[in-house]
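Shown next, in structure tokens, is the structure this report addresses.
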Amino acid sequence: MKLLDTLSKAEQEVDVSKKVKIYLCGVTVYDESHIGHARTIIVFDVLRKYLEDNGIEIEFIQNFTDVDDKIINKANSENKTAEEISTKYIENYFTDFDGLNVKRVTNYPKATEHIEDIIEFIEKLIVKDVAYATKNGVYFSVSKFSEYGKLSKKKIDELQSGSRIEIDEQKKDPLDFAVWKLSDMEPTWESPWGNGRPGWHIECSAMSIKYLGENFDIHGGGRDLIFPHHENEIAQSESCTGVQFAKIWMHVGMVTIDGEKMSKSIGNVKSIKHVLENWGPNIIRLFCLSGHYSKPIDYSEELLMRELVKWNQIRLAYYELMQIRDFEPENGPESDKQRQSEEEKETIEIKEVNEIIIKEGENFDSALEQNMNTHLALQAFYNIVSFCLANENKMTEEAAAHILPEMKRMMKVLGLVLPEIDSEKIIEINQLIKLRNEYRSKAKENKNYYKDADNIRDKLNGLNIETSDRVTKTVWMYKENIKQKN
RNA sequence: GGUACUCUGGCAGAACGGUUAUGCGUGAGCCUGCAAAGCUUAUACAAGGGGGUUCGACUCCCUCGGGUACCUCCA
């Protein structure tokens, strides 16, 4: 599998000959997660699911930044402790992402639980003379790392002309960044340099190396983390260890809202809670995977509606295949000759089904292999769905037995989930559908029976079941609560 | 201002130095008791502008322009 590496600006092969080690920069837990977080994390979720589906072992670490000025500010304004704030939003995180069918990663380390590792890391930096202590804290000396700027393609002298850098007389160079901030205000920890808390970037260096080693496979996050966060991580880590940090830097594009940047000041932040309530997890996942991960994607009601249409097609095809064996065989008495020709026909049809399955299965895999092109992978999946819907007559039990495993595999990789079919309820549902269809055929002579048929449909609705009358059969589906709002 | 990314048909969005991407939408038709859906078919000579390289460019190079992101809050 190849992935676009930000550092080399080229596609790099992921080494799958051994366990693949992935580190994803997670969220700062001071507020609700939004659709932008969802996209990044869903992309990585599909990456891991694809690798795992291919029998590749992974170790996947995603941190929580639970010490940060924003958390402290929020705690102060709400008269709570920083820990109360971070705990609340970590819980909130899991509610959101479990709801999006994101599989939990190997470990979710927190900065506050790794203070000792961080202090040890800083000590090494000081010993190597790339960091220095002042009366405000400990700073990494950017000038000591000659490759500084290699990830974000920035030049040090150009950065220095930037005016947004806080002036701090204690720093040797305005570009130097804090690895330890001295402060007696809670939350605070003892350190060789005095009480204080870690800087933003150091936790990721310390924790990724602790869990994944000095050199691991994939390090990622949103594009906005390239500078300064990941640039600084590289500087610290490579200065400390002397070896290459991550092999591949994978960055996911931003989500804009109706063409505008999502920001609190504009007031257009879409929380995951909000979008989940209105669209459910599957449509959001389809949306997040509809474009290439490295490019920006624009969130709008129109685009979500398109995914809803696709999702309904997927559901219909899936439920139909799942229910094939429940449909009444309509063959009456047949001569042997007829039966034989039927069988021949079936063999040809199965051959056709298998060809489609193999072809689209290969397309699906090669799309993901090539820099995780989820757009093309989805297309392969949709082609199977369309084939099923367009060839209702060919969807025999045998055909379903060939198609369903592949369909389920793709859905598993993409993280699309339909409710399990309740085998007890199914008998009742099938009886109702059978009865309704009897009324419907009777109604061809006496229209009064339509009322009875409709009553049954209402009853099914009450059981949270919707029906779709196809040419030869009625397919039922669990209803989904989609409000179709932005 | 700097850096990076990006600019493909009404919209979304891929691939590829030479062949119709595809999907959504739209039109027509089919199916249909009604619903909802589904099916078939038609439909776009598309590549930001201008140069260049090439037998041939959407694809490579230059230039001009638009957009987005980042430039110590950020997924």
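Just so it is clear: chains get the letters A, B, ... in the order the sequence lines come, proteins before strands, and each one is counted from 1. Values below: every heavy atom of this structure, side chains too, minus hydrogens, waters and symmetry copies.
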Minimum-distance pair of heavy atoms, taken over all atoms of A:Val179 and A:Ile202: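 That would be O-CG2, 3.7 Å.
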Nearest heavy-atom neighbours spanning A:Lys270 and A:Ile257: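 Result for this residue pair: CG-CD1, 3.5 Å.
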Expressed in whole Å, how much space separates the [atom1] atoms belonging to [N] and [M]?
{"N": "B:A47", "M": "B:G9", "atom1": "P", "result": "8 Å"}
{"N": "B:C31", "M": "B:U41", "atom1": "C1'", "result": "15 Å"}
{"N": "B:C16", "M": "B:U72", "atom1": "C1'", "result": "41 Å"}
{"N": "B:G67", "M": "B:G27", "atom1": "P", "result": "34 Å"}
{"N": "B:A44", "M": "B:C11", "atom1": "C1'", "result": "12 Å"}
{"N": "B:C62", "M": "B:U43", "atom1": "P", "result": "39 Å"}
{"N": "B:G52", "M": "B:G10", "atom1": "P", "result": "28 Å"}
{"N": "B:A46", "M": "B:A14", "atom1": "C1'", "result": "14 Å"}

Interatomic distance where [atom1] belongs to [X] and [atom2] belongs to [N] [whole Å]:
{"X": "A:Glu231", "N": "B:C70", "atom1": "CD", "atom2": "P", "answer": "16 Å"}
{"X": "A:Lys154", "N": "B:G1", "atom1": "NZ", "atom2": "P", "answer": "15 Å"}
{"X": "A:His229", "N": "B:A75", "atom1": "NE2", "atom2": "P", "answer": "9 Å"}
{"X": "A:Leu460", "N": "B:C34", "atom1": "CG", "atom2": "P", "answer": "19 Å"}
{"X": "A:Leu151", "N": "B:U72", "atom1": "CG", "atom2": "C1'", "answer": "15 Å"}
{"X": "A:Ile218", "N": "B:A75", "atom1": "CD1", "atom2": "C1'", "answer": "17 Å"}
{"X": "A:Phe287", "N": "B:G13", "atom1": "CZ", "atom2": "C1'", "answer": "13 Å"}
{"X": "A:Asn448", "N": "B:C34", "atom1": "CG", "atom2": "C1'", "answer": "15 Å"}

Pair A:Asp469-A:Thr474, side-chain donor/acceptor within less than 3.5 Å: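 Short answer, yes.
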Watson-Crick or G-U counterpart of [N], or none if no pair lies under 3.5 Å:
{"N": "B:U32", "value": "none"}
{"N": "B:A42", "value": "B:U26"}
{"N": "B:A47", "value": "none"}
{"N": "B:U19", "value": "none"}
{"N": "B:U68", "value": "B:A4"}

Is [X] touching bases, backbone alone, or none of the nucleic acid, heavy atoms closer than 4.0 Å?
{"X": "A:His34", "answer": "base"}
{"X": "A:Met250", "answer": "nothing"}
{"X": "A:Gly221", "answer": "sugar-phosphate"}
{"X": "A:Ile226", "answer": "nothing"}

Tell me whether [X] contacts the main-chain N or O of [Y] through its side chain, where contact means a donor paired with an acceptor under 3.5 Å.
{"X": "A:Glu11", "Y": "A:Lys2", "result": "no"}
{"X": "A:Asn92", "Y": "A:Lys88", "result": "no"}
{"X": "A:Asn278", "Y": "A:His274", "result": "yes"}
{"X": "A:Ser237", "Y": "A:Ile234", "result": "no"}

Base of B:C73 paired with side chain of A:Lys70 (donor-acceptor, under 3.5 Å):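 Yes, a donor-acceptor pair under 3.5 Å.
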Toward the 5' end of RNA chain B, by each residue's nearest nucleotide, A:Asp298 or A:Gln370: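 The answer here is A:Asp298.
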Toward the 5' end of RNA chain B, by each residue's nearest nucleotide, A:Gly26 or A:Ala453: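 Its nucleotide being nearer the 5' end, the pick is A:Ala453.
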Full working for salt bridge (charged side-chain N to carboxylate O under 4.0 Å, His left out) between A:Glu320 and A:Lys473: CA-CA 9 Å; A:Glu320 180 171 343; A:Lys473 50 190 169 279; 3.4 Å; yes
Sidechain N-carboxylate O distance under 4.0 Å for A:Glu147, A:Lys150: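 Between A:Lys150 and A:Glu147 there is a salt bridge, with a charged N closer than 4.0 Å to a carboxylate O.
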Salt-bridge criterion met for A:Arg315 and A:Glu466 (N-O under 4.0 Å):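 Salt bridge between A:Arg315 and A:Glu466, a charged N being under 4.0 Å from a carboxylate O: yes.
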For the side chain of [X], counting heavy atoms from C-beta on, which of [options] is nearest?
{"X": "A:Phe227", "options": "B:C71, B:G33, B:C24", "result": "B:C71"}
{"X": "A:Lys310", "options": "B:C71, B:A75, B:C24", "result": "B:C24"}
{"X": "A:Asp454", "options": "B:U3, B:C34, B:C74", "result": "B:C34"}

Letter per nucleotide, 5' to 3', of nucleotides 4-12 of chain B [B base touched, S only sugar-phosphate touched, - untouched; heavy atoms, 4.0 Å]: SS-S---BB
Where protein sits on nucleotides 35-43 of chain B, one letter per nucleotide: B base, S sugar-phosphate only, - none, heavy atoms under 4.0 Å: BBSSSS---
Identified ring-ring contact (aromatic ring centres under 6.0 Å, His included) partner of A:Phe216 from the options A:Phe60, A:Tyr211, A:Phe245: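 Going through A:Phe60, A:Tyr211, A:Phe245 one by one, the ring-ring contact (aromatic ring centres under 6.0 Å, His included) with A:Phe216 is satisfied by A:Phe245 alone.
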Other residues, nucleotides, ligands: >12 heavy atoms within 6.0 Å of A:Lys273 NZ: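 Incorrect, the count does not exceed 12.
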